[in-house]
Structures are given as structure tokens and as C-alpha cells.
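For reference, the structure is listed below as C-alpha cells.
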Amino acid sequence: MRVSQFHLFTTRETPADAEIISHQLMIRCGMIRKLTAGIYTWTPLGWRVLRKVENIVREEMESAGYLEMLMPAVQPAELWQETGRWDDFGGQLLKLKDRAGRSFVFGPTHEEVVTDLARNELRSYKQLPVTFYQIQTKFRDEIRPRFGVMRAREFLMKDAYSFHINQQSLEETYWQMYEVYSRIFTRAGLEFRAVKADSGAIGGSASHEFHVLAESGEDQIVFSSESDYAANIDLAVALAPAAGAAKPGVDLRLQDTPNTHSIADLVDRFEVPIEKTIKILVVAGDENSESEFVALLVRGDHSLNEFKAAQLEAVANPLQFADEKDIHRVIGAGPGSLGPVDLPIPCIADHTVAAMSDFAAGANAENKHYFGINWGRDVALPPQADIRNVIEGDPSPDGQGVLHLARGIEVGHIFQLGTKYSESLNAVVLGDDGKSHPLEMGCYGIGVSRIVAAAIEQNHDDKGIMWPEPIAPFAIAVLPMNAKKSHRVREASEAIYRQLIEAGVEAFLDDRNVRPGVMFNDMELIGIPHRLVIGERGLDIGMLEYRNRRAAENEEIPLDTVVQELLARLG
RNA sequence: CGGGGCGUAGCGCAGCCUGGUAGCGCACCACAAUGGGGUUGUGGGGGUCGGAGGUUCGAAUCCUCUCGCCCCGACCA
């Protein structure tokens with residue numbers, strides 16, 4: 001491709017509304033343009049990258065034997081009503097009406113459609129297992145789209161669905177898909193981790209997320225320093241210490257603590273180490289439980305894991321925090337003065353709390369705290385559960401190593417769905433026993449457009465993008481210096497460019513009449529992995545300048561063998 | 001959904017408080033010089049100031065409504 005024939009539109013200025021680096025660079029490169037909130041046009045430059053990612057995904061899916069297809073983006077409401085997701089999916093579901101007033105959705109995912117296909121087409125276990133996939137535009141009406149294509153409303157997704165006669169077959173495909181996903185992200189040149197995850201609104205049992213590691217990631221992931229334990233923050237657990245093991249060291253003491261309303265106050269004014277404090281969170285009880293409210297106890301420096309807390313039998317799901325008025329009503333003290341001693345409502349302690357001794361907490365009376373509290377001696381040890389978020393350095397739950405926290409961008413998610421959709425849509429096949437069996441299903445997603453942004457987050461410097469070669473829009477930039485003034489430069493550049501193109505290399509010849517600095521800056525900004533500079537200077541001595549986008553210095557390449565040398569470097 | 005902010009040329013912004021017929025930088029077009037890290041000069045094109053209504057002799061500016069966009073929050077003992 002010649003730059004003069006390509007719509008290359010770069011800009012020096014960073015748009016005001018782009019917060020993260022990938023969004024800024026994509027705008028500055030001219031890869032994307034916003035049409036409206038969360039909805040983007042992919043320009044020719046951006047589209048080349050998107051297509052590269054798409055093709056890697058497609059090739060790996062194909063070689064695993066999965067079948068590509070294309071399902072409708074617009075789907076009848078009836079199908080979503082059958083599975084209950086017309087109501088359950090929530091505000092992210094974009095609902096539409098046609099001229100006759102019939103309701104439709106713009107597909108945010110395709111379990112309904114693919115299961116409808118399966119119930120009509122699949123008859124026998126002999127047709128199984130089978131995996132269908134598509135690469136297609138999805139729409140999810142995000143509450144708050146942001147970060148460009150990272151969290152867009154309209155986005156490109158690869159979604160795959162597998163069908164099985166039994167759980168064992170599902171698991172085989174699930175773990176095969178795990179490997180396929182790992183190959184895809186590895187091939188795209190990304191540093192990533194797979195972590196255990198919750199299956200959330202999609203439903204089902206087992207699930208893993210694939211995260212590209214990046215500081216700007218919206219998700220927290222957790223992994224062990226020694227073992228292969230890895231989970232997202234919702235699910236991550238630390239090895240629990242033994243409850244009640246610590247022996248009392250000091251006496252219980254009730255002390256006046258005026259104007260002490262927070263853990264921070266307690267630590268500052270009374271010189272209590274934060275690890276010797278506990279905080280009480282009052283939440284609504286489950287409607288079937290005997291208590292209106294339940295107190296949750298976590299160590300002062302720990303935070304409540306709302307996902308875990310909401311799973312507790314005694315606790316309302318979704319989690320609902322008591323307001324100040326309710327806390328006063330049922331406990332008789334404000335939120336800053338709560339503690340386990342003489343607490344009038346049931347409580348559940350985090351495992352860490354159950355192992356504490358000589359700790360401080362509120363006295364359930366204004367302006368008073370207890371110090372030196374010990375379980376058993378001063379108050380009965382409450383029931384325990386894992387209700388906190390793990391922190392950096394916690395022991396890994398398998399006993400091997402400590403936990404590290406990192407930020408990640410979720411680019412893939414695989415689920416074992418089981419029969420959730422096949423049962424609600426009555427998708428069954430005959431087994432070898434001659435009886436009907438609901439299909440076991442798996443579903444597997446990759447955020448194709450999100451990968452583009454994630455790759456930039458992971459691969460950039462102060463000059464711009466540094467594409468991993470497999471997803472770069474062009475492989476090499478051929479930059480003639482002052483071609484207008486030099487037919488030698490012009491001819492040499494054209495010749496090399498032609499040879500590269502003939503060799504199948506995606507070369508990008510900058511034949512614009514612009515100064516060298518403009519070329520260098522543009523090519524570095526858009527992240528072309530290799531570049532060759534052709535000038536009078538080099539031609540005089542028979543050597544040309546080559547530079548890798550990630551290298552700090554030029555290399556000299558002899559003119560006579562330049563194309564072979566480049567081909568070797570390009571792999 | 002709650003809170004805050006912003007809508008003036010393709011992009012980044014000034015002008016608004018104190019009303020008087022719209023400006024700067026980048027980008028774009030033309031010409032010239034320059035020619036190895038976003039070069040320089042001269043000349044030029046482009047805006048119903050988000051939209052509607054109101055106040056006024058006169059509105060980008062004041063008032064009302066409306067639409068759009070962005071940020072923060074949905075953890076608190």
C-alpha cells in the first residue's frame with residue numbers, strides 16, 4: 001500500500017474525551033472515529049488491525065474443527081421470552097419494534113438463536129459434539145460506555161457454542177477451547193492470564209476469564225506466586241487461618257472514644273494497629289431468614305467481597321446495605337460505633353476475623369469502643385465464612401505461594417452452560433439409550449474489538465503504538481528521504497517496495513511529499529513494526545537504514561541484499 | 001440511575017461575567033522557499049456559536065426548556 005493512496009489521518013493533538021492511552025492513540029492514529037456514545041466507525045487503518053485479530057481467531061477456531069456460521073443480529077422477542085432473558089437480561093438489552101409493532105432485540109449474545117437452531121437441526125447424539133461460532137457485531141446498551149472501543153456498546157465479538165450429549169463431552173470441549181484461546185492470545189502477541197470466574201448472567205457452572213494484563217484494566221485478577229491458582233477478585237480466596245487459635249494477651253477494656261467514627265480514627269487516635277481492628281457491615285437478611293439484618297465482620301484493613309457476601313444463605317441477594325436510620329433502630333448506635341460485643345443481631349465473621357485476638361471494635365453505644373476483645377472469653381465466636389477480598393501477599397488457598405493482584409482487561413470468557421438454555425427451549429436429542437436428553441451446552445466469547453485496544457495498552461511508548469507483528473496494520477514502512485529531489489531515492493524505494501509486495505509483505509511506502517520527520521512520527525505513531533529508510537546518503541555508501549519499532553538504534557543493511565535481509569527479519 | 005462538567009470551524013480552545021454582528025493554534029487549499037525527526041513565509045477556504053422558545057433596538061453572551069457528550073459514583077461503618 002502506498003500512503004498517498006491510503007487515508008492516513010494522524011493528529012498531534014489528543015482528543016479531550018479520551019481517558020486511556022489506547023483510546024487516545026487510536027484516535028490520534030485515525031483508527032476509529034466516534035459516531036455517538038459507545039459506537040465507533042473503524043477507518044481503513046483500524047479495520048486492518050481488527051481484521052488481523054479476527055483472522056487469528058478464525059484460523060485457530062477452524063483448526064480446532066469448529067464451524068463458522070453467521071446468525072442474525074436482530075432477533076424476535078419471543079425467543080428471549082422463552083428463556084426468560086427478555087426480562088432478566090436487564091437494561092443492556094436493546095429492544096426494537098418493527099413497523100407492525102412486533103418486538104425484537106439487537107443480539108447482545110446468541111444463546112437463544114443458536115439453541116433454537118440446535119433444537120431444529122440436531123436429532124441424535126451421533127451428530128455430537130458440535131461447535132458453531134461466528135464473528136459478528138453485538139450490541140449491549142452499557143450503563144456507561146467508556147474508553148473508546150474498550151467498553152463500547154456496539155462491538156465485534158467471536159462467540160462460539162458447543163453442544164454435547166453429556167457433561168463429560170462438554171468438559172472435553174471446554175478444556176480444548178481453553179487451549180485454543182490460549183493459542184489465540186499467544187499468537188496475537190499478548191501477555192495474558194486465564195482465571196477462574198463467576199458465570200454471571202449467562203448462567204451455568206464452570207467458567208474462566210482470559211485477561212490481558214494491563215495497568216488500566218478494569219478488572220482485578222489474582223494469581224499465586226508458586227502454583228497455577230488464578231481467579232478473579234470475586235472468586236479469589238486466601239488460605240483461612242484456624243479460628244480461635246490466638247490466645248488472649250490483654251484484658252477487655254471499655255473506653256470513651258468521642259468523635260471516633262471510623263477505623264482510620266481508631267487507628268490514629270488510640271494507636272491500635274489496623275490489623276487489630278474489625279469493622280461491621282450491616283446488610284439486609286434473606287427474606288426467609290429470621291432476622292431483618294445481618295452483621296458482617298471483616299478486619300479493619302480488609303474489604304467486604306459483595307459477591308461472596310450475597311451468596312450467604314442468611315443474607316439477601318442482591319446485597320443491600322442497611323442505612324444509618326435502620327442501624328440506629330436495630331442496634332441503638334450509629335454505624336461508626338458497632339462491634340461484636342452485645343450485638344443484638346446475628347453476625348457472620350470472616351475467617352480472618354475469627355482468628356484474631358486482642359482487637360478493638362465499637363461498643364454498640366455512642367462514643368465508646370472496646371479494646372482487647374477476644375473470642376470465647378468476651379463474646380461467642382460467631383459463624384464464619386469467607387466474605388472478604390483477598391489482598392496482596394495473602395497465602396494461596398492451595399498452600400503454595402502467596403497471592404498477587406494484577407489488573408486485567410477481560411478479552412475472553414468461556415462457560416460450561418449445562419442445560420440452562422436447552423431446557424428452557426426444549427432442545428433435545430436422542431441418546432444411545434433411545435431416550436431424549438437435553439443438550440449440554442458450552443459458550444465461549446472473545447472480544448475481538450476489545451483485543452485491539454488491549455494490545456495497545458500493553459504495547460506502546462511515548463511515540464505511539466508498538467504493534468505485535470501478527471496484528472500490525474502493515475509489516476514494514478518504506479521511507480524515501482526527499483524523493484522529490486532525487487530520482488535515485490525514488491527509484492530505489494519503488495524497486496524495494498515492489499519486491500517486498502511481490503514477496504507477499506504488507507509494505508507501506510510513504511510516497512507523500514512530506515518531510516522525513518513527518519514520516520518518522522507518523523509511522524511510529526501508527527506502530528509499524530519495521531521500517532527502512534532510503535536516502536541519498538545511504539545509496540552513496542550502499543547501505544540502508546533499518547530500524548525495528550522497539551529498537552533504540554538503526555541497523556545498516558547492504559543495499560544489494562536488502563530485500564532478503566528484510567524478509568528474514570519479517571519472519 | 002444519582003452527582004458534576006462541557007457543547008463556539010475537522011481537532012484543541014478563547015470570547016460569555018459586563019449583550020453591539022466571531023477569534024486563536026493545529027489540520028485543510030494555493031504559491032514560494034526548505035529538504036534526514038511534526039520546517040518556514042505569504043495568501044486563502046471553512047462556523048445558522050448543539051436545538052427550540054423568550055427578554056431586548058440588538059443574543060455565542062441574559063432567562064426557560066430540550067438534546068447530546070464527558071467525568072465521578074453506585075464500598076460504608
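Please read these numbers as outputs of a predicted model, since none were measured by experiment.
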Short heteroatom pairs, N/O only, protein and nucleotides 24-31 of chain B, under 3.5 Å:
residue	atom	partner	partner atom	Å
rG25(B)	N2	Glu13(A)	OE1	2.9
rG25(B)	N2	Glu13(A)	OE2	3.4
rC26(B)	O3'	Arg12(A)	NH2	3.2
rA27(B)	OP1	Arg12(A)	NH2	3.1

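- For the salt bridge (Lys or Arg N to Asp or Glu O under 4.0 Å) with Glu555(A), the lone residue among Arg531(A), Arg547(A), Arg569(A) that qualifies is Arg569(A).
- In this model, a donor atom of one side chain and an acceptor atom of the other lie less than 3.5 Å apart for Asp358(A) and Asn374(A).
- rC63(B) and rC17(B) are spaced 9 Å apart, taking the P atom of each and rounding to whole Å.
- For the segment residues 475-484 of chain A, the set of residues with a heavy atom within less than 4.0 Å of an atom of RNA chain B comprises Met481(A), Asn482(A), in numerical order.
- No donor-acceptor contact under 3.5 Å links the side chain of Glu536(A) to the base of rG36(B).
- In Lys484(A), the NZ atom is not crowded: 12 or fewer heavy atoms of neighbouring residues, nucleotides or ligands sit closer than 6.0 Å.
- For RNA chain B, the neighbouring residues in residues 323-338 of chain A, judged by any heavy atom under 4.0 Å, are Ile327(A), Pro335(A), Gly336(A).
- Residue contacts for Asp17(A): at a heavy-atom cut-off of 4.0 Å it reaches the sugar-phosphate backbone alone, with no base atom in range.
- Across all strands shown, rC62(B) forms a Watson-Crick or G-U wobble pair with rG54(B), both key distances being under 3.5 Å.
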Under 3.5 Å, which donor-acceptor pairs link side chains of residues 6-13 of chain A to any protein atom two or more places apart or in another chain?
residue	atom	partner	partner atom	Å
Thr10(A)	OG1	Asp522(A)	OD1	2.6
Thr11(A)	OG1	Glu13(A)	N	3.1

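- A donor-acceptor contact under 3.5 angstrom links the side-chain atoms of Arg531(A) to the base of rG37(B).
- No side-chain N or O of Asn367(A) forms a donor-acceptor pair with one of Asp256(A) less than 3.5 Å apart.
- Closest to the side chain of Ile143(A), from the set rC70(B), rC75(B), rC1(B), is rC1(B).
- Looking at which nucleotide of RNA chain B each of Arg512(A) and Glu19(A) is closest to, the 5′-most match is held by Arg512(A).
- The residue among Phe147(A) and Ala16(A) whose nearest nucleotide of RNA chain B is located toward the 5' end is Ala16(A).
- Checked by distance alone, Asn513(A) brings a side-chain donor or acceptor within 3.5 Å of a matching partner on the base of rG35(B).
- Residues forming a ring pair (Phe, Tyr, Trp, His ring centres under 6.0 Å) with Trp80(A) (at least two apart in sequence, or on another chain): Phe89(A).
- Looking at residues 346-355 of chain A, you'll see that no heavy atom sits under 4.0 Å from any atom of RNA chain B.
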